[in-house]
Amino acid sequence: MTNPDVFMRNSKVPHLRVNTANDGLVRSDGSFVLYWMTSARRTSYNFGLQRAVEWSRVLGLPLVVLEALRVGYKYASDRFHAFVLQGMASNQQSLSGRGVVYHPYVERAPGEGKGLVMSLANHAAVVITDDYPSFFLPKMIASAARQISVRFELVDSNGLVPMRATQQVFTTAFSFRAWLQKNIATHLKNRPSADPLQDGVLPAKLGLLPPEILSKWPAAPPDLLTGASSALAPLPIDHGVGVVSGMPGGEREGRNVLARFLRDKLSRYDSDRNDPDAHATSGLSPYLHFGHVGAHEVFDVIARAEGFSDANLQARGGKREGFWGLRPPVEAFLEQLITWREVGFNLCFHLPHDYMRYESLPLWAQRTLDEHAADRRAKLYTRQEMEQARTGDAVWNAAQRELVRDGRIHNYLRMLWGKRVLEWTLTPREALDVLIELNDKYALDGRDPNSYSGIFWILGRYDRPWAPVRPVYGSIRYMSSTNTLKKIDMKKYLVKYGR
DNA sequence: ATCGGCTCGCGCAA
DNA sequence: TGCGCGAAGCCGAT
């Protein structure tokens with residue numbers, strides 16, 4: 001047992017991004033360093049992998065990368081499985097011949113994977129995993145921390161700003177933006193390596209994992225990693241939520257999506273992003289959600305293409321324009337990638353027990369919603385009618401069909417989609433429940449802090465009151481399908497998703 | 001097409 | 001204590 005601080009004095013992973021989940025010490029007679037990849041499912045711009053590589057070199061031990069996929073979690077379906085499995089195939093390819101043991105494990109039955117992490121940890125000198133603030137991951141980490149006896153590190157690769165860099169919840173984008181404008185320059189200096197495995201040699205690769213582990217938890221076969229429906233058929237997951245066509249998962253594919261966005265869409269992002277027919281959005285959110293693409297890579301690629309340097313930065317006291325010193329469409333995108341993405345992580349990180357609860361809404365919003373909770377609803381739909389897009393609102397039905405079929409809703413219509421549900425349910429709590437359920441079940445970027453930002457924004461989070469006071473809404477911002485139709489040209493969208 | 005007012009809380013200047 | 005300001009709105013007036 002050795003004091004880890006001595007070893008890791010020269011770590012390039014910022015200390016704000018590394019947390020320990022237990023009091024364990026490094027066991028220098030372990031057989032390997034274990035990186036348990038959970039939310040940063042990529043090989044580049046990954047502080048967790050980088051940290052594991054550092055440990056491996058410092059201790060002179062081989063590196064084992066475990067990427068696992070359970071079947072027993074809520075909403076497990078062909079859709080999410082295919083996306084994650086394709087990501088595993090990409091990682092397997094990227095890591096082959098790089099001197100690490102990559103072990104892709106896929107459960108065949110609920111609970112089958114239980115004990116795998118523990119068994120590997122028993123052979124490990126130190127265990128590193130990804131820090132992530134939502135869905136079941138915090139619970140899974142806590143449960144693993146109770147069992148793992150060696151040093152167990154959580155590494156935050158989520159955003160450009162470490163989650164632990166903030167001390168409080170930001171209740172408006174404006175106040176968070178002002179904080180970013182004062183503080184982000186420091187964090188921009190500490191970016192993850194584009195290829196954590198590149199410089200220096202890793203200690204001799206382990207031939208194989210211990211046989212008793214391999215026999216119980218074998219690596220997933222290649223056909224399963226294609227994510228083909230036929231390969232998924234035997235798994236006990238929801239086959240009714242199908243694979244999204246034309247959007248395979250994985251780091252490699254995510255990089256292609258990013259390149260296409262830069263080439264074809266970024267320059268008109270500010271003017272066109274609210275128009276569903278203009279196809280100007282990045283489409284990156286599923287890749288960001290599963291960690292197939294890191295926010296740092298997105299930023300780096302844009303910064304390089306736009307000639308960004310620290311000298312561009314100009315604090316604007318929280319105002320949007322001009323902070324990055326870049327073209328307006330680029331600023332508009334960075335506002336999404338950084339301000340809006342990371343304010344969501346900020347909230348989930350600081351309110352781990354409340355981020356999905358009605359009570360986490362601002363008080364003015366709860367007050368006004370509660371006052372109008374008993375208002376008569378002009379129309380009520382059952383969950384099933386909504387899920388199956390059988391409402392009387394053509395715009396809403398189209399958005400819902402996009403969600404069910406393609407695993408996403410266009411950014412702009414997503415707001416309208418949520419506002420309608422508030423009108424069609426008996427209470428705002430019920431609305432919240434329906435929105436979370438539909439989004440978690442069908443959206444490839446669901447269960448992400450940002451998905452919850454979007455859903456809770458519908459009910460007033462990060463927003464302000466608006467007049468006039470209306471039934472059901474109270475002073476929550478109102479949006480109507482009629483006005484949206486007038487404002488936005490979405491003929492093609494309505495045809496494409498019109499049944 | 002564009003504008004102000006609507007309404008609340010926050011941060012900052014005074 | 002006052003003032004300006006705010007993810008994407010709405011409505012009515014010009």
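Within every chain, numbering begins at 1; the chains are lettered A, B, ... in the order of the sequence lines, protein sequences first and strands thereafter.
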| query | In whole Å, what is the span from the CD atom of A:Glu335 to the P atom of C:dG6? | reply | 11 Å
| request: Take the angle between the ring planes of A:Phe299 and A:Phe308 and call it parallel below 30°, perpendicular above 60°, tilted in between. | output: perpendicular
| task | Using the C1' atom on both, measure C:dG4 against B:dG4 and round to a whole Å. | result | 16 Å
| message | Strictly below 4.0 Å: does A:Asn483 bring a side-chain N or O up to OP1 or OP2 of C:dC10? | response | yes
| field | Pi-cation contact, A:Trp457 with A:Lys419 (under 6.0 Å, within 45°) | value | yes
| message | Mind checking if A:Met415 touches a base, just sugar-phosphate, or nothing, with heavy atoms under 4.0 Å? | response | base
| Assigned partner base of B:dC12, Watson-Crick or wobble definition, under 3.5 Å | C:dG2
| Whole-Å distance between C:dG6 C1' and A:Arg461 CZ? | 17 Å
| message | Taking any heavy-atom pair under 4.0 Å as a contact, classify A:Asn411: base, sugar-phosphate, or nothing. | response | nothing
| field | Presence of A:Tyr478 side-chain N/O under 4.0 Å of B:dC6 phosphate oxygens OP1/OP2 | value | no
| Euclidean distance for P, C:dA7 against B:dC12 (whole angstrom) | 15 Å
| query | Does the distance from a Lys or Arg side-chain N to an Asp or Glu carboxylate O, for A:Glu423 and A:Lys379, drop under 4.0 Å? | reply | no
| task | Grab the CG-P distance between A:Asp270 and C:dA7 for me, whole Å please. | result | 17 Å
| Does NZ or CZ of A:Arg447 fall inside the cone over A:Phe135's six-membered ring, less than 6.0 Å from its centre and within 45° of the axis? | yes
| message | Strictly below 4.0 Å: does A:Arg470 bring a side-chain N or O up to OP1 or OP2 of C:dC11? | response | yes
| task | Assign A:Arg273 to base, sugar-phosphate, or nothing according to its heavy-atom contacts below 4.0 angstrom with the strands shown. | result | base
| remark: A:Tyr412 atom OH is separated from C:dG9 atom C1', nearest whole Å, by 8 Å
| field | Aromatic A:Tyr478 / basic A:Arg470 pairing, under 6.0 angstrom, 45° off normal | value | yes
| When you check the phosphate oxygens OP1 and OP2 of C:dA7, does a side-chain N or O of A:Arg477 lie under 4.0 Å from one of them? | no
| What is the distance from atom CG of A:Leu438 to atom CH2 of A:Trp417, rounded to the nearest 0.5 Å? | 5.0 Å
| request: Select base, sugar-phosphate, or nothing to describe what A:Arg367 touches, counting heavy atoms under 4.0 Å on all strands. | output: sugar-phosphate
| request: Give the rounded distance in Å between these two atoms: CZ of A:Arg177 and P of C:dG6. | output: 8 Å
| remark: Among the nucleotides C:dG6, B:dC8, C:dC10, whichever has the atom closest to the side chain of A:Phe174 is C:dG6
| message | The side chain of A:Pro465 is closest to which nucleotide in this list: C:dA7, C:dC10, B:dT7? | response | B:dT7
| Can A:Trp466 be said to stack with the base of C:dG9, given centres closer than 5.5 angstrom and planes under 30 degrees apart? | no
| task | Report the distance from atom CZ of A:Phe170 to atom P of B:dC10, rounded to the nearest whole Å. | result | 13 Å
| field | Watson-Crick or G-U counterpart of C:dA7, or none if no pair lies under 3.5 Å | value | none
| said: Work out how far the P atom of C:dG12 is from that of B:dT7, and round it to whole angstrom. | reply: 15 Å
| Separation of A:Glu321 atom CD from C:dC5 atom C1', in whole Å? | 13 Å
| message | Any side-chain N or O of A:Arg464 below 4.0 angstrom from OP1/OP2 of C:dC5? | response | no
| task | Please state the P separation for the pair B:dG9 and C:dG9 - nearest whole angstrom. | result | 22 Å
| remark: As its Watson-Crick or G-U partner within any shown strand, both distances under 3.5 Å, B:dT7 has none
| Atom OH of A:Tyr442 and atom CG of A:Asp406: how far apart are they, to the nearest 0.5 Å? | 13.0 Å
| Of all the choices, C:dC10, C:dA7, B:dC8, which nucleotide is nearest to the side chain of A:Gln336 once you look at every atom? | C:dA7
| Distance, rounded to the nearest Å, where A:Lys319 contributes NZ and B:dC12 contributes P | 12 Å
